[in-house]
Structure formats: structure tokens, C-alpha cells
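Comments concern the structure below.
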Amino acid sequence: MRRRALAVLAPVLLTGCTVATSPDRTTTSEATAPTESAASEAQGASSATPDASDEEAVTSVAPPPAAVPGPEAAALALAPEDTAYLTVTDWSAIKDRLGAGDLTSESIQTDTLEFWRSVGSSTVLLTDGALREENSRLRLRYAVTQDDALWEVRWAGEDGRADGAGLALRLRDDLDLGGLERAVAEEVPGVAGASVLPNQHLLLRGEADGVGLAGDQDILSPLLDGTAETRLVVPGCLSWPTALGVDATVEEQEAVVDAAAVEDLRSPHAWGLSFTGREATLTVVHGEGVTPEQAEADAAVRVELAEGWPTTESVGWADALGLPPQLEGEGYVLTESAGRAVTSIGYRVVNPTAAATVALSGLVPGAVCSEVDWLAEPTGL
């Protein structure tokens, strides 16, 4: 697993997450073809002259439809190994929470508008949705919209948002995909360069050639588990200049360093932010060999850093997230996954738009590397 200090994560509202309630949440370990013995039986049956009962036997061992992985499995399998960050959006869960579980491209326009108004004020969106920019055009000409999506996974490399950034978009099972295929062929914005996998009801672009992030499964799985509506997952840790922001001063950095026991920090091997409504969780996954005592000391410093973190850009951590009111205890939970210490810190969302901004811009004090890399001293020139 590579360790790196990311310079910049992304522009605001770059990408997209999880389907806790979707009925298609299967895993790649589920069978996608008959067993060897069943296949042999089918072959034997088909070689004989069948009567009615024989036809029934042959039919009973026909291959089932291809299993469609859930968003977590899709993220690990499809995102390339050099992915700098990815987002997962559970559109089904968001719609269910807002009482719009039946919303599709066939719904009346007033219901669609009401849903998206509610989303903006109640949900931390890490993507606008691959189809939403062209929703009206797609509805009228291609009979598909963002409202047909069950979940969406987006990923990008270290160069940030680029044309052709990775996408896996799961569409509802009963949607006729003919219109979407025409939209792809006509290179409609949002779907240009993608391909449609009809048997899996998936729109796919920029997938890995090899194993992708699956090789880092032990490290990234704790960031993908659970039922959050939206997730940001980042391998490595954040440099201090990135987390402080481009307009931060040396004096501001000195103040936060002097106020916390930064020598107790351990560099994360990966970190992530997950959101459901007004609830948020920062998760840090440590490397092997970090003891529970070291992880606890590290967690205490990360909570303390966030409490005194300066706002140096138009929005900052304090504008976006805060510790839950009437907090009891230390503010963090320590667990273990595949022999690695995992820290989870719960927050409340102060402002959904600000929360998306700080997450995607990397203004996250709790994700800094253990090594304090200092801002450059001003030259006065």
C-alpha cells in the first residue's frame, strides 16, 4: 500500500457511493454460473432426446443473470490501483430517507424538483450525479435521468477531475437501457466515453485493467463498510499545507502544532469521511504494528487538532463539522480490522455544502500525516 501526502484532492462537487437498501446488494463471491456438476448434468440432459420432464431439467440449470456487486465491491474491483481518491453515493438510501423511494425518470416533474431541493439542504453530496447536468435533455430524448440511479462510484487520479474520470453507475433493474445506450453513442455530457453493461444495468468508464484497489482491500474495507449515504475514501494521508489550506500562515501552523501533542501522531495508511443526513464520521486506518495504546494517543491528538484548526479559506473545518453536542467520552472509537487499528471520530454536520467542500478540498485536520511539513516562510518580496 502506497503512502503519500496528497497535494490537492478535487474541486468541489467532483464525484460519487453506497446502497444499503438496494435489493441488488450482492457480492462478487456469489455464484454467477452453474456448478461443474450441474453443468455436466445439463450437458448430459441436452444430448438425449428430451421429453417434457427433460426440458424442465435442462431449464432448471440454465445460468442465472450475472451477479451485480454492490457499490463497495464495485469500488474495490473497478477503481485503478493509482486512484488518489474515490467517492460512493447511495442514491437509493438518500431517496428513502427523504420519502422519495419511488422517484424515477418517469415521475412527475414537481416530485423531481422537490426531491432535489430537499437533497441540497439535508445531504452532504460528494457528487452532483453523472447524469444530473443533462437531466432535462436525457429525460426528453433518452428516457433516463439521475433519478434512475441506485448507486454511483466515482474515482480520479492525483491530477484531480479530468475528462474520463472513473465512473460506475448502477441503474434500476426495470429501466430500458436503449435510451442510455443512444446517449453514450451520441457522447452526451456525463456519459461520453462510457459503456453500458446491459446484463448488470451498469454505466462504466475508466475501470482498472488489473486487480484495481482490491489489492488494498484489507486497508480500504473499513472505509467502505456500513450504511452511509455518501463516502469519500482516500489512500495515504494529508500533508499539513494541504489540510491547512493555501492561504494559511506559518503563525497559524505554529499555533496548532504547539497546542497538540503531535509527536503522538501515526501516519494513516488510508482515511475517509462518511455522511448520512447530519451525521458524519471520520475514519482513519493505521498500518500494521500500531498498538491500541498508540492508536488511542493518535486519536486524541486528531480530535484536539480539529477543535483548534484555523479557517484559512472561504470555508473551513469549523464551518462544516463539529463534535456532537453533549458529547460524552473521548469523542472517538477504536476498533480493529485485519490486524490494523481503526479510529472512528463522530461529528455533526454544521453545513452540508461546507462539509462537501472541506472533504473534497482536503481541509481535514484529522487526516494529517504524522510528519509536520512546514509552510514556507514568507520572503517579504
Side-chain angles (χ1 to χ4, degrees), residues 10-19 21-24 68 71 74-75 78 86-156 161-207 229-230 356:
V12 178
L13 293 179
L14 163 67
T15 67
C17 294
T18 309
V19 182
T21 57
S22 172
D24 71 292
V68 180
L78 298 174
L86 62 84
T87 62
V88 185
T89 303
D90 185 344
W91 293 110
S92 289
I94 294 171
K95 288 194 287 188
D96 286 344
R97 177 172 56 84
L98 296 176
D102 296 329
L103 188 73
T104 70
S105 57
E106 299 173 358
S107 300
I108 60 175
Q109 192 71 6
T110 52
D111 289 347
T112 300
L113 293 174
E114 179 59 30
F115 168 71
W116 286 105
R117 275 195 295 265
S118 300
V119 168
S121 61
S122 69
T123 310
V124 180
L125 282 185
L126 303 174
T127 175
D128 276 338
L131 308 183
R132 192 180 172 200
E133 182 180 355
E134 298 290 332
N135 243 18
S136 297
R137 177 183 177 186
L138 288 168
R139 181 193 295 268
L140 292 173
R141 296 187 57 182
Y142 305 100
V144 61
T145 68
Q146 185 67 41
D147 307 309
D148 295 315
L150 299 181
W151 52 258
E152 183 172 352
V153 180
R154 304 289 297 272
W155 58 86
R161 185 175 188 176
D163 291 342
L167 165 68
L169 184 71
R170 175 71 161 90
L171 288 308
R172 58 186 171 93
D173 289 331
D174 58 347
L175 177 68
D176 183 346
L177 296 179
L180 183 60
E181 291 174 323
R182 287 191 294 107
V184 169
E186 295 172 17
E187 298 185 342
V188 174
V191 303
S195 57
V196 178
L197 280 60
N199 199 36
Q200 297 182 342
H201 272 245
L202 201 66
L203 181 71
L204 187 61
R205 179 177 61 218
E207 67 272 27
E229 293 174 349
T230 62

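Side chains are part of it too, since the values below use all heavy atoms of this structure and drop only hydrogens, waters and symmetry mates. Only a predicted model underlies this, so the values are computations on that prediction, with no experimental measurement involved.
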Q. For the side chain of Thr123 and the backbone of Leu125, is there at least one donor-acceptor N/O pair under 3.5 Å apart?
A.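 Judged by distance alone, no pair lies under 3.5 Å.
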
(Q) When you measure from the side chain of Ser105 to the backbone of Asp148, do you find a donor-acceptor pair of N or O atoms at a distance under 3.5 Å? (A) no

Q. Does CG belonging to Asp111 count more than 12 external heavy atoms closer than 6.0 Å?
A.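 Counting neighbours around CG of Asp111, more than 12 heavy atoms of other residues, nucleotides or ligands fall under 6.0 Å, so yes.
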
Q.
Against Leu204, only a single residue in Val196, Leu167, Leu78 fulfils side chain to side chain contact (heavy atoms under 4.5 Å, CB included); can you say which?
A.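 Exactly one candidate clears the test, Leu78.
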
Q) Picking from Leu169, Leu103, Leu138, what satisfies side chain to side chain contact (heavy atoms under 4.5 Å, CB included) with Gln146? A)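 Testing each of Leu169, Leu103, Leu138 against Gln146, the sole residue satisfying side chain to side chain contact (heavy atoms under 4.5 Å, CB included) is Leu169.
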
Can you tell me how far the [atom1] atom of [X] sits from the [atom2] atom of [Y], to the nearest 0.5 Å?
X: Leu197; Y: Glu207; atom1: CG; atom2: CD; value: 8.0 Å
X: Trp151; Y: Leu202; atom1: CH2; atom2: CG; value: 5.0 Å
X: Leu171; Y: Trp91; atom1: CG; atom2: CH2; value: 13.0 Å
X: Arg97; Y: Ser92; atom1: CZ; atom2: OG; value: 13.0 Å
X: Trp155; Y: Arg205; atom1: CH2; atom2: CZ; value: 9.0 Å

Q: State, yes or no, whether a side-chain contact exists between Arg170 and His201 at a heavy-atom distance under 4.5 Å.
A: yes

Mind listing the closest non-hydrogen atom pair of [X] and [Y] along with its distance?
X: Leu177; Y: Pro198; result: CD1-CA, 3.7 Å
X: Trp116; Y: Asn135; result: NE1-ND2, 4.3 Å
X: Ala143; Y: Leu175; result: O-CD1, 3.8 Å
X: Val153; Y: Ala75; result: CG1-CB, 3.9 Å

Q: Give every residue pair that meets the salt bridge (charged side-chain N to carboxylate O under 4.0 Å, His left out) criterion with at least one member in residues 134-145, sequence neighbours excluded.
A: Glu134-Arg137, Arg139-Asp147, Arg141-Glu186

